[in-house]
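Notes follow once the structure below has been shown.
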2 protein chains.
Amino acid sequence: MATMNINGNVQEATCEQELAAIIDSLEILGGKWKLRIMRHLNNHAAETNTFKKIQREVEGISSKMLTKELRDLEINLLVTRTVLDTRPVSVSYSITEYGLSVLPVNEVLVQWGLNHRQRLKLS
Amino acid sequence: MATMNINGNVQEATCEQELAAIIDSLEILGGKWKLRIMRHLNNHAAETNTFKKIQREVEGISSKMLTKELRDLEINLLVTRTVLDTRPVSVSYSITEYGLSVLPVNEVLVQWGLNHRQRLKLS
DNA sequence: CCGCATCCAAACTGATACTG
DNA sequence: CAGTATCAGTTTGGATGCGG
């Protein structure tokens, strides 16, 4: 089966590879917070997004969760972490250029979810 | 923010609605098995997919999980359940026409996952 | 054959308190 | 301020056995 990658190239993959790819995607982007954080960082890319600020604006997340989620995203090269030279210390996070590649995924999920709501309402 | 729905219409939604839509999508399509089952039913749409057959072909899933996942999918109108008049009873499942709408989501996740693998390898 | 009930281990997550 | 540690409640998922 053929799929297009980010650069518009066609990638061939076996069925097993595709299954693994889906599992990867859901692991990296799934769950309650990951896409919310990515959306937030993208919508506020012009600002300095400190840990504190993110926690205030992504409603309901605990510091433990936010730490964990940001680290996961950093490991996957989707965000960068910068320690600021302030006192007391603060840390800011930004979406990476590569991180922008999750936006289409985001968009598809939004579209499907909105459509699904309507569908359930109609039936 | 504007998004296109399945029919090509533009849907407007508030940020909160978009968040809710993503959460819905991940709830309905996320997890280890849902998309695997949907892929399987789509790839074998011409056959009679009994519970037994699905369990044999979707590797590693327990009957408990398969029951639960299929019911969830049925509730969301993505698959239909048919009790066959055999002895002993067997039950078959098919992807619905509406269920086909998850295929683009599938495709985007496959694409992103494959691309991500390459990306991590390169860095 | 299909699905349910039960039991159980592991993972996830929230609350709270604490450290550098 | 950012992150860690601990505890407890919830959720998840596998294994097994039963009943229609």
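Just so we're clear, the structure is a prediction, and the values are computed from it rather than from any experiment. Just so we're on the same page: letters track the sequence lines, and every chain starts at 1.
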With sequence neighbours excluded, tell me which residues meet side chain to side chain contact (heavy atoms under 4.5 Å, CB included) with [X].
{"X": "B/Ser92", "answer": "B/Thr48, B/Thr82, B/Leu84"}
{"X": "B/Val105", "answer": "A/Val108, A/Leu109, A/Trp112, B/Leu29, B/Leu109"}
{"X": "B/Thr67", "answer": "B/Phe51, B/Arg71"}
{"X": "B/Ile23", "answer": "A/Arg36, B/Glu27"}

- Item | Closest non-hydrogen atom pair, A/Ser101 against A/Pro104 | O-CD, 3.2 Å

- So does B/Tyr93 get a side-chain nitrogen or oxygen closer than 4.0 Å to the phosphate oxygens (OP1/OP2) of C/dC2? no

- Task: Give the rounded distance in Å between these two atoms: CE of A/Met65 and P of D/dG3.
- Result: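 It works out to 14 Å between those atoms.
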
- Side chains of B/Asn106 and B/Asn42: closer than 4.5 Å at any heavy-atom pair? no

- Message: With a 4.5 Å cut-off on side-chain heavy atoms, are B/Ile22 and A/Arg39 touching?
- Response: yes

- Query: What's the closest nucleotide to the B/Lys32 side chain, out of D/dG14, C/dG14, C/dG3?
  - Reply: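 The answer is D/dG14, which lies nearest to the side chain.
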
- Item | With B/Thr80 via side chain to side chain donor-acceptor pair (under 3.5 Å) - residues at least two apart | none

- Sequence neighbours excluded, which residues qualify as side chain to side chain donor-acceptor pair (under 3.5 Å) partners of B/Ser94? none

- Message: So if I take residues 66-85 of chain A and measure heavy-atom distances to DNA chain D, which residues fall below 4.0 Å?
- Response: A/Thr67, A/Arg71, A/Arg81

- Query: Quick one: bend of the helix from C/dC1-D/dG20 to C/dG20-D/dC1 from 5 pairs per end, to 10°?
  - Reply: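 Its terminal axes enclose an angle near 40°.
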
- Item | Residues forming a salt bridge (Lys or Arg N to Asp or Glu O under 4.0 Å) with B/Arg119, sequence neighbours excluded |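 So B/Arg119 forms no salt bridge (Lys or Arg N to Asp or Glu O under 4.0 Å) with any residue.
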
- Members of residues 47-60 of chain B that approach DNA chain C, where some heavy atom sits under 4.0 Å away: B/Thr50, B/Phe51, B/Lys52

- Can you check side chain to side chain contact (heavy atoms under 4.5 Å, CB included) on B/Asn115 and A/Tyr98, steps first, answer last? CA-CA 11 Å; B/Asn115 193 66; A/Tyr98 174 51; 4.1 Å; yes

- Just by modelled atom types, is the B/Asp72 backbone N or O under 3.5 Å from a matching donor or acceptor in the B/Asn76 side chain?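 Yes: the side chain of B/Asn76 pairs with the backbone of B/Asp72.
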
- Message: Base contacts versus sugar-phosphate-only contacts with protein, heavy atoms under 4.0 Å: please encode nucleotides 15-20 of chain D as B, S and - from 5' to 3'.
- Response: B-----

- Item | Selection residues 45-57 of chain A - residue pairs positive for salt bridge (charged side-chain N to carboxylate O under 4.0 Å, His left out), sequence neighbours left out |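 Salt bridge (charged side-chain N to carboxylate O under 4.0 Å, His left out) check on residues 45-57 of chain A returns A/Glu47-A/Lys53, A/Lys53-A/Glu57.
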
